[in-house]
*Asks:* 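Have a look at this one.
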Amino acid sequence: MMGKAQKGKDENMKKMKRFFALFLAMAMVLGMSMTTFAAGTATITVTNAGNAELTMMQIIAPNPETATGWEFVNGAGQYYKTAFGSSDEQAILWKLIALAQPTAANIPAGTVAATAGEIQSALKLVETNISYEEFTNGDTVSKAGVYAIKATEAEFSYSPMAAYVAFGTYNTTTGVPENLANATVAAKKVPLSIDKASDETDDVVFVGDVVNYTITTTVPYIAENVENVVYGITDTITGAQYVAVDGKVTLNVRVGEEESVEMTADVTSEGNKQSFRLNLSSIAADRQNANAALVITYQATVTGTVINNEAIPDDGEHTFNPATDVLYTGSLTMTKTGENDAPLAGAEFVIHTTRDGKVVYAVVENGNVTGWTETEADATSVVTEADGTVTVKGFDDSETYYFKEVKAPEGYSINTDDAAATWATDGDGANAATRAGAASMTDTKLSALPSTGGIGTTIFTVGGCAIMILAAGMFFVSRRRAAK
């Protein structure tokens with residue numbers, strides 16, 4: 001009896017050993033399978049994101065129990081249903097698959113591929129309503145699916161983005177995916193501000209100067225579902241006039257690395273303000289130009305003492321920040337003095353400089369230069385006030401100007417030495433907005449002239465009287481003798 005009992009125990013022990021061995025083998029296989037199904041990691045890279053802050057959230061994940069093998073996660077499904085006008089999440093996923101892989105064999109008959117507009121609308125709703133997690137460009141993820149990405153940057157508006165992390169290679173024996181494929185998505189953005197500059201590096205010009213202006217921005221990304229693309233830049237200027245022919249300003253426009261082309265825009269005028277709108281819709285409509293550098297140049301002639309220039313894009317959707325550029329003209333003050341540095345009023349001057357080898361004279365109105373003439377007779381005389389000074393605005397500090405006296409105050413002689421103006425090197429006078437220069441000149445009193453009609457005439461007069469008296473005396477003497 002004992003032998004049979006012991007034998008039974010041994011058999012049970014053998015069965016237990018076989019069971020534990022099988023269990024261990026199964027555990028090892030399961031562990032290997034878990035590693036395989038984890039499929040490693042993949043990196044997500046966003047290009048063209050500049051200095052944008054990135055956040056991310058997974059919105060579609062694998063689910064082998066659904067018809068598509070995918071499911072919406074983190075609450076994204078409701079927003080896709082709103083954007084697609086459908087209550088069937090699996091039907092929406094089939095539409096997405098049909099767009100990405102139109103030849104997929106398992107797509108239900110009659111499925112219409114999703115449109116770019118539907119996807120953008122859904123992603124916009126997701127971005128607006130779901131909180132994203134922090135994400136650093138190039139971070140890794142450990143699960144296949146679709147990840148919604150949001151980019152935020154002060155001077156740009158980014159379109160919603162989505163990166164698809166696919167399963168990579170599949171094990172040919174088990175059919176199980178072995179890894180994940182890295183994903184790259186290009187950011188699409190619209191610059192909300194642009195740059196405006198001129199070729200005047202010190203921001204000081206003269207009236208009559210021709211200024212070269214440059215607008216620098218990037219071509220905005222316009223969503224594919226937008227059929228009637230609208231994009232342009234409106235430029236407004238005061239204190240200057242565009243260099244235009246027949247009411248049209250000519251602009252050089254360069255996109256990316258392409259050769260620049262000439263485009264024209266109509267100029268409108270209102271008081272001392274001019275403006276034009278450059279239509280760039282055709283450039284923006286070519287989606288290949290999205291985010292390419294856009295450089296626009298044109299010219300304007302200075303007519304005032306302060307020149308304000310502003311450029312602002314428009315696309316019918318975004319609110320853009322304008323780009324501004326301000327230029328100034330310098331002022332010159334002549335100080336006229338006499339003896340003992342006393343201020344002299346009433347001294348008249350013309351102002352001249354040399355350009356292109358020719359002397360030109362300032363034409364002045366109300367203390368501001370309005371133009372230049374090569375004829376001194378056509379120049380405007382400026383007159384010193386009671387304090388002996390006169391100030392005129394409209395000059396460029398890169399030039400040397402001279403005051404030529406054309407009429408001296410009464411009692412003084414004209415100073416024939418023209419006075420050169422010197423520009424300030426420090427203080428307010430050195431700033432562009434208050435740029436100033438000065439010149440001075442001293443006149444001398446008129447010299448005394450000799451008196452006329454002197455002693456020579458007196459002698460002749462006295463002598464003549466004496467002769468007349470002598471003649472009269474002789475006449476009376478002769479008469480007395482005759483009477484005797």
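All values reported here derive from a predicted model rather than from experimental measurement.
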*Asks:* Where is the tightest heavy-atom contact between Gly304 and Val207, given as atom of each residue plus distance?
*Replies:*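 Nearest heavy atoms, Gly304 then Val207: O-CG2, 3.8 Å.
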*Asks:* Within the side chain of Arg435, is there an N or O that forms a donor-acceptor pair under 3.5 Å with the backbone of Ala424?
*Replies:*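 Yes.
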*Asks:* For the side chain of Asp356 and the backbone of Lys358, is there at least one donor-acceptor N/O pair under 3.5 Å apart?
*Replies:*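 No.
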*Asks:* Between Asn129 and Gln78, is the side-chain contact (heavy atoms from CB on, under 4.5 Å) condition met? List the steps.
*Replies:* CA-CA 11 Å; Asn129 293 283; Gln78 60 179 312; over 6 Å; no
*Asks:* Between Asp378 and Val363, is the side-chain contact (heavy atoms from CB on, under 4.5 Å) condition met? List the steps.
*Replies:* CA-CA 8 Å; Asp378 295 330; Val363 178; 5.9 Å; no
*Asks:* Just by distance, with hydrogens left out, do Asp235 and Tyr213 show a side-chain donor and acceptor under 3.5 Å apart?
*Replies:*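 On atom types as modelled, these side chains do not qualify, holding no pair under 3.5 Å.
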*Asks:* Does the side chain of Tyr328 come within less than 4.5 Å of Thr434's, by heavy atoms?
*Replies:*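 No - every pair of side-chain heavy atoms lies 4.5 Å or more apart.
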*Asks:* Considering non-hydrogen atoms only, spot the tightest contact between Met334 and Ala419 and give its length.
*Replies:*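 That closest heavy-atom pairing would be CE-CB, 3.8 Å.
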*Asks:* Where do Val350 and Tyr361 come nearest, in terms of heavy atoms and distance?
*Replies:*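 Nearest pair, atom of Val350 first, then Tyr361: CG2-CD2, 4.2 Å.
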*Asks:* Check step by step if side-chain contact (heavy atoms from CB on, under 4.5 Å) holds for Val369 and Phe206.
*Replies:* CA-CA 8 Å; Val369 176; Phe206 63 87; over 6 Å; no
*Asks:* Any side chain to side chain donor-acceptor pair (under 3.5 Å) involving residues 42-57? Give me the pairs, sequence neighbours left out, ordered by first then second residue.
*Replies:*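 Passing the test, one end in residues 42-57: Thr43-Asn182.
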*Asks:* Measure the spacing between CD of Glu258 and CG of Asn289 and express it to the nearest 0.5 Å.
*Replies:*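 Going from CD on Glu258 over to CG on Asn289, the span is 6.0 Å.
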*Asks:* Checking side-chain polar atoms at under 3.5 Å, does Thr337 have a donor or acceptor matched by the opposite partner on Thr442?
*Replies:*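 Judged by distance alone, the side chains do pair up.
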*Asks:* What I'd like to find out is whether the side chain of Arg355 reaches to under 4.5 Å of the side chain of Trp372, using heavy atoms alone.
*Replies:*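 They are in side-chain contact.
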*Asks:* For this output row, return yes or no: ring centroids of Phe135 and Tyr147 closer than 6.0 angstrom.
*Replies:*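 No; Tyr147 has its ring centre 6.0 Å or more from that of Phe135.
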*Asks:* Verify, without hydrogens or angle tests, whether Glu118 (side chain) and Thr115 (backbone) share a donor-acceptor contact under 3.5 angstrom.
*Replies:*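 Indeed, once roles are kept as given, a pair shorter than 3.5 Å links the two residues.
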*Asks:* So do Val141 and Met56 actually touch side chain to side chain, heavy atoms under 4.5 Å?
*Replies:*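 They are in side-chain contact.
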*Asks:* Just wondering, are more than 12 heavy atoms of other shown residues or ligands nearer than 6.0 Å to CD in Glu385?
*Replies:*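 Counting other residues, nucleotides and ligands, CD of Glu385 stays at 12 neighbours or fewer.
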*Asks:* With no hydrogens and no angle check, is any side-chain donor or acceptor of Thr353 less than 3.5 Å from a backbone partner on Thr400?
*Replies:*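 Between the backbone of Thr400 and the side chain of Thr353 there is a qualifying donor-acceptor contact (under 3.5 Å).
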*Asks:* Walk me through whether Glu310 and Thr324 qualify under side chain to side chain donor-acceptor pair (under 3.5 Å).
*Replies:* CA-CA 4 Å; Glu310 176 183 275; Thr324 59; over 6 Å; no
*Asks:* Keeping Thr216 on the side-chain end and Asp195 on the backbone end, is there a donor-acceptor pair under 3.5 Å?
*Replies:*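 No: the side chain of Thr216 does not pair with the backbone of Asp195.
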*Asks:* How long is the straight-line distance from CG of Leu332 back to OG1 of Thr422, given to the nearest 0.5 Å?
*Replies:*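 Answer for the OG1-CG pair, Thr422 versus Leu332, is 9.5 Å.
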*Asks:* Can you see which heavy atom on Phe349 is nearest to which on Lys336, and at what distance?
*Replies:*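 So the two residues come closest at CZ-CD, 3.8 Å.
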*Asks:* Roughly how far, to the nearest 0.5 Å, is CD of Glu127 from CE of Met57?
*Replies:*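 Going from CE on Met57 over to CD on Glu127, the span is 12.5 Å.
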*Asks:* What are the two closest non-hydrogen atoms of Val204 and Gly330, and how far apart are they?
*Replies:*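 Smallest interatomic distance, heavy atoms only, reads CG1-N, 3.9 Å.
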*Asks:* For Phe395, which of Tyr402, Tyr401, Phe403 qualifies under ring pair (Phe, Tyr, Trp, His ring centres under 6.0 Å)?
*Replies:*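 Exactly one candidate clears the test, Tyr401.
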*Asks:* Would you give the length of the straight line joining atom CD1 of Ile233 to atom NZ of Lys196, rounded to the nearest 0.5 angstrom?
*Replies:*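 Reported to 0.5 Å precision, the distance equals 9.0 Å.
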*Asks:* Within a reach of under 6.0 Å around NZ of Lys393, are more than 12 heavy atoms found that belong to other residues, nucleotides or ligands?
*Replies:*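 Atom NZ in Lys393 is not packed in, count stays at 12 or less.
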*Asks:* Parallel, tilted or perpendicular: which one describes the rings of Tyr158 and Phe156, with boundaries at 30° and 60°?
*Replies:*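 Tyr158 and Phe156: tilted rings.
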*Asks:* What I'd like to find out is whether the side chain of Leu294 reaches to under 4.5 Å of the side chain of Tyr231, using heavy atoms alone.
*Replies:*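 SC-SC contact between Leu294 and Tyr231 confirmed.
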*Asks:* If every non-hydrogen atom of Tyr132 is compared with every non-hydrogen atom of Leu123, which pair is closest and at what distance?
*Replies:*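 In terms of heavy atoms, the two residues are closest at OH-O, 4.4 Å.
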*Asks:* According to side chain to side chain contact (heavy atoms under 4.5 Å, CB included), who are the partners of Thr444, at least two apart in sequence or on a separate chain?
*Replies:*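 Expected list: Ser413.
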*Asks:* Say you draw a straight line from CD1 of Ile283 to CD1 of Ile222; how long is it, rounded to the nearest 0.5 Å?
*Replies:*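 Interatomic distance, Ile283 CD1 to Ile222 CD1, rounded to 0.5 Å: 12.0 Å.
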*Asks:* Report the residue from Asp246, Thr250, Leu251 that forms a side chain to side chain contact (heavy atoms under 4.5 Å, CB included) with Thr264.
*Replies:*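 Among Asp246, Thr250, Leu251, the one meeting side chain to side chain contact (heavy atoms under 4.5 Å, CB included) with Thr264 is Thr250.
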*Asks:* Write out all pairs satisfying side chain to side chain donor-acceptor pair (under 3.5 Å) with one or both partners inside residues 199-211, taking only residues at least two apart or from two chains.
*Replies:*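 As it turns out, the side chain to side chain donor-acceptor pair (under 3.5 Å) pairs with a partner in residues 199-211, which skip direct neighbours, are Asp199-Asn212.
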*Asks:* Between Thr268 and Ser275, is a side chain to side chain donor-acceptor pair (under 3.5 Å) present by the stated rule, with each step listed?
*Replies:* CA-CA 5 Å; Thr268 59; Ser275 62; 2.9 Å; yes
*Asks:* Report the C-alpha separation of Asp315 and Val230 in whole Å, then their side-chain angles, then the decisive distance to 0.1 Å, and conclude whether the side-chain contact (heavy atoms from CB on, under 4.5 Å) test is met.
*Replies:* CA-CA 5 Å; Asp315 66 356; Val230 176; 5.7 Å; no
*Asks:* Taking the side chain as every heavy atom from C-beta outward, state whether Pro191 and Glu155 have any pair of such atoms under 4.5 Å apart.
*Replies:*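 A side-chain contact under 4.5 Å is absent here.
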*Asks:* Can you tell me how far apart CZ (Phe167) and CG (Asn179) are? Round to the nearest 0.5 Å.
*Replies:*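 Rounded to the nearest 0.5 Å, the CZ-CG separation comes to 10.5 Å.
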